[in-house]
Amino acid sequence: MRKLLIFLLLAATFSVAAQQGNPKYPEGTVFPPGQTPIHDPSMIKEADTFYLFATGQGISVLSSKDAKSWTKEKPVFETAPDWTASCATDFKGHIWAPDISFHKGLFYLYYSVSSFAKNSSCIGVAVNRTLDRSSPEFGWVDKGRVLQSVPNRDMWNAIDPNLVFDEEGVPWLAFGSFWEGIKLVKMNPNLLRPAEGEIWYSVARRKRDFDLADALPGNGAVEAPFIYKKGDFYYLFISVDYCCRGEKSDYKIVYGRSQKINGPYLDRQGRDLIEGGGTILRQGDKNWYGVGHNAVYKVGDREYLIYHGYDAKDKGRSKLLIGELSWTPDGWPK
């Protein structure tokens, strides 16, 4: 009976999120400022064009000249790579939480393949020489599985990837959602697999009762890591509490910082993120039920927070939010 109750609660949660999701829009749709439907955005600029990559069928893509009005583009994948079918039994091509980076002439797009409320998950990566579809060099090449988590074997979840380089140029991949929190693994120089020896760290965690399903309240709700280097510190942004519930979403962005990429990450009160710490950067208000899953992107000498919020004026649908980051004199974001 207990397992049946948990299953019904999970199914109800997913149903509410699906019913309050964004409508489908055809390619070429132009969204005005403040009305771009999106979930889990990551942004990058090539030449005079900004690109957003986000959760969606085959990975959603949008482009813009001014980062205000956005145009819906074709997805990254027309059909999901064949290997993804072995990661999640109910996977039908809806790919989560992509992370875009540019390194040594290539764009690297990490992405998540998973099942709702399960850690039967994989992180994959695809590469491209350009994001401009009119270029003869355009074309995504999938490089396959980077990491995989397996139920009853792993107490971590291979989703929500974020590629980051330390001050010595060594690549790391931050990732994780619920379970035992946020992980950090050292990567090979080719950025396609973990480095030999698999050097892992835990960098953030929330209190969790392992007797309960992950989607139940107060049960380890932490995900969506993004690490940003500024000055002497690495800043770890994470999202806590609950996304994907429309008007019931209470998602929020918190952060901590460390002089070492592997932590410990402490918030403004000195609390360690591995012990449930985190200073709130953004949270819900009268306009947005909840906000979260952020990236940070620098344009010139300005830094921007890119994230999504659940619109209180539009049935809790998820919309794009971009805000400029400023910093306190002692080096904390606000």
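Scanning all heavy atoms of the two residues, the minimum distance from S42 to A295 falls at CA-CB, 4.3 Å. The two residues H39 and S318 make their nearest non-hydrogen contact at CD2-OG, 3.2 Å. Heavy atoms only, all atoms of each residue included: K315 and E247 are closest at CA-OE2, 3.7 Å. The minimum heavy-atom distance linking A54 with P98 is given by the pair N-CG, 3.3 Å. The nearest pair of heavy atoms linking E196 to N188 is N-OD1, 3.8 Å. Nearest heavy-atom pair across S149 and A158 is OG-N, 3.0 Å.
Taking 4.0 Å as the cut-off between side-chain N and carboxylate O, K319 and D311 count as a salt-bridged pair.
Every residue two or more places apart in sequence or in another chain that forms a side chain to side chain contact (heavy atoms under 4.5 Å, CB included) with E275 is listed here: D272. S63 meets the side-chain hydrogen bond (donor to acceptor under 3.5 Å, both in side chains) test with E73; sequence neighbours excluded. Partners of T328 according to the side chain to side chain contact (heavy atoms under 4.5 Å, CB included) rule, which considers only residues two or more places apart in sequence or in another chain, are R268, D330, W332, K334. When the disulfide (SG to SG under 2.5 Å) test is applied to C122, the partners found at least two apart in sequence or on another chain are C87. When the side chain to side chain contact (heavy atoms under 4.5 Å, CB included) test is applied to K143, the partners found at least two apart in sequence or on another chain are V125, V127, V141, L192. For the side-chain hydrogen bond (donor to acceptor under 3.5 Å, both in side chains) test, residues two or more places apart in sequence or in another chain that qualify with D66 are S64. Applying the salt bridge (Lys or Arg N to Asp or Glu O under 4.0 Å) test to D48 and every residue at least two apart in sequence or in another chain returns K65.
Between the side chain of N128 and the main chain of L131, no donor-acceptor pair closer than 3.5 Å is present. The backbone N or O of N287 sits less than 3.5 Å from a side-chain atom of D285, completing a donor-acceptor pair. For the pair N119 (side chain) and W156 (backbone), a donor-acceptor distance under 3.5 Å is present. Of the possible donor and acceptor atoms, one in the side chain of T84 sits under 3.5 Å from a partner among the backbone N and O of P81. At distances below 3.5 Å, not a single donor-acceptor pair connects side-chain atoms of R302 with backbone N or O atoms of L325. Put simply, the side chain of Q283 never gets that close to the backbone of G292: no donor and acceptor are under 3.5 Å apart. Side-chain N or O atoms of R317 include none that pairs as donor or acceptor with a backbone N or O of I38 at under 3.5 Å. Under a 3.5 Å cut-off, the side chain of S177 and the backbone N or O of E223 do not form any donor-acceptor pair.
With values rounded to the nearest 0.5 angstrom, L147 atom CG is found 6.0 Å from L173 atom CG. Residue R133 holds its CZ atom at 3.5 Å from CZ of F138, rounded to the nearest 0.5 Å. Interatomic distance, CD1 of I159 versus CG of D40, reported as 8.5 Å (0.5 Å rounding). Going from atom CZ of F50 over to atom NZ of K68 covers 10.5 Å, rounded to the nearest 0.5 Å. We find the OG1-NZ distance between T29 and K24 to be 13.5 Å, quoted to the nearest 0.5 Å. Rounded to the nearest 0.5 angstrom, N294 CG and M43 CE are separated by 12.0 Å.
Counting heavy atoms from C-beta on, the side chains of F53 and V76 come closer than 4.5 Å. The side-chain heavy atoms of K183 and N157, taken from C-beta on, include no pair separated by under 4.5 Å. Residues I44 and Y297 are in side-chain contact: their nearest non-hydrogen atoms beyond the backbone lie under 4.5 Å apart. Residues T55 and I95 are not in side-chain contact: their nearest non-hydrogen atoms beyond the backbone lie 4.5 Å or more apart. Put simply, the side chain of F237 reaches to within 4.5 Å of the side chain of P333, judged on heavy atoms. At least one side-chain heavy atom of P171 sits less than 4.5 Å from a side-chain heavy atom of L163. Between S249 and C243, the closest side-chain pair of non-hydrogen atoms is not below 4.5 Å. Side chains of L305 and L281 form a contact here, defined as non-hydrogen atoms less than 4.5 Å apart.
Below 30°, between 30° and 60°, or above 60°: for H308 and H293 the angle between ring planes is below 30°, a parallel geometry.
Here Y289 is tied into one hydrophobic group with Y251, Y310, each link being a pair of ILVMFWY side chains closer than 4.5 Å. With a 4.5 Å cut-off between side-chain heavy atoms of Ile, Leu, Val, Met, Phe, Trp and Tyr, the cluster of I182 takes in V164, V170, W172, L184, I199, Y201, V203, V222, I227, Y234, L236, I238, V240, V254, I261, Y265, L273, I280.
Using a 4.5 Å cut-off between side-chain heavy atoms of Ile, Leu, Val, Met, Phe, Trp and Tyr, with links allowed through other members, I59 and I100 fall into the same hydrophobic cluster. Y304 is not connected to L321 by any chain of hydrophobic side-chain contacts under 4.5 Å among Ile, Leu, Val, Met, Phe, Trp and Tyr, and they are in different clusters. Hydrophobic clustering (side-chain heavy atoms under 4.5 Å, transitive across Ile, Leu, Val, Met, Phe, Trp, Tyr) keeps V291 apart from I322. Hydrophobic clustering (ILVMFWY, side-chain heavy atoms < 4.5 Å, transitive): Y255 and I253 are in one cluster. Each of W96 and F91 belongs to its own hydrophobic cluster when Ile, Leu, Val, Met, Phe, Trp and Tyr are linked at side-chain heavy-atom distances under 4.5 angstrom.
No more than 12 heavy atoms of other residues, nucleotides or ligands shown are found within 6.0 angstrom of CG on D82. Applying the 6.0 Å contact sphere to CD of E78 captures no more than 12 heavy atoms from other residues, nucleotides or ligands. Heavy-atom contacts from other residues, nucleotides or ligands closer than 6.0 Å to CZ of R271 number more than 12. Enclosure of atom CD in E324 by more than 12 non-hydrogen atoms of other residues, nucleotides or ligands within 6.0 angstrom is indicated. K186 NZ: 12 or fewer foreign heavy atoms inside a 6.0 Å radius.
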query: Stepwise, does the side chain to side chain donor-acceptor pair (under 3.5 Å) test hold for E46 with T130?
result: CA-CA 8 Å; E46 183 185 21; T130 179; 2.9 Å; yes
Let me see the working for R245 and D250 under salt bridge (Lys or Arg N to Asp or Glu O under 4.0 Å), right down to the final yes or no. CA-CA 8 Å; R245 297 183 175 190; D250 61 354; over 6 Å; no
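Residue pairs that meet the salt bridge (charged side-chain N to carboxylate O under 4.0 Å, His left out) test with at least one member in residues 148-170, sequence neighbours left out, do not exist here. Applying the salt bridge (charged side-chain N to carboxylate O under 4.0 Å, His left out) rule to pairs touching residues 224-233 yields K230-E303, sequence neighbours excluded. Pairs passing the side-chain hydrogen bond (donor to acceptor under 3.5 Å, both in side chains) check and including a residue from residues 102-113, sequence neighbours excluded, read Y111-D142.
For F107 and F102, the gap between ring centers is short of 6.0 Å. Residues W200 and F175 place their aromatic rings such that the two centres sit under 6.0 Å apart.
In this structure, R257 is positioned above the aromatic face of F233, its NZ or CZ under 6.0 Å from the six-membered ring centre and within 45° of the axis.
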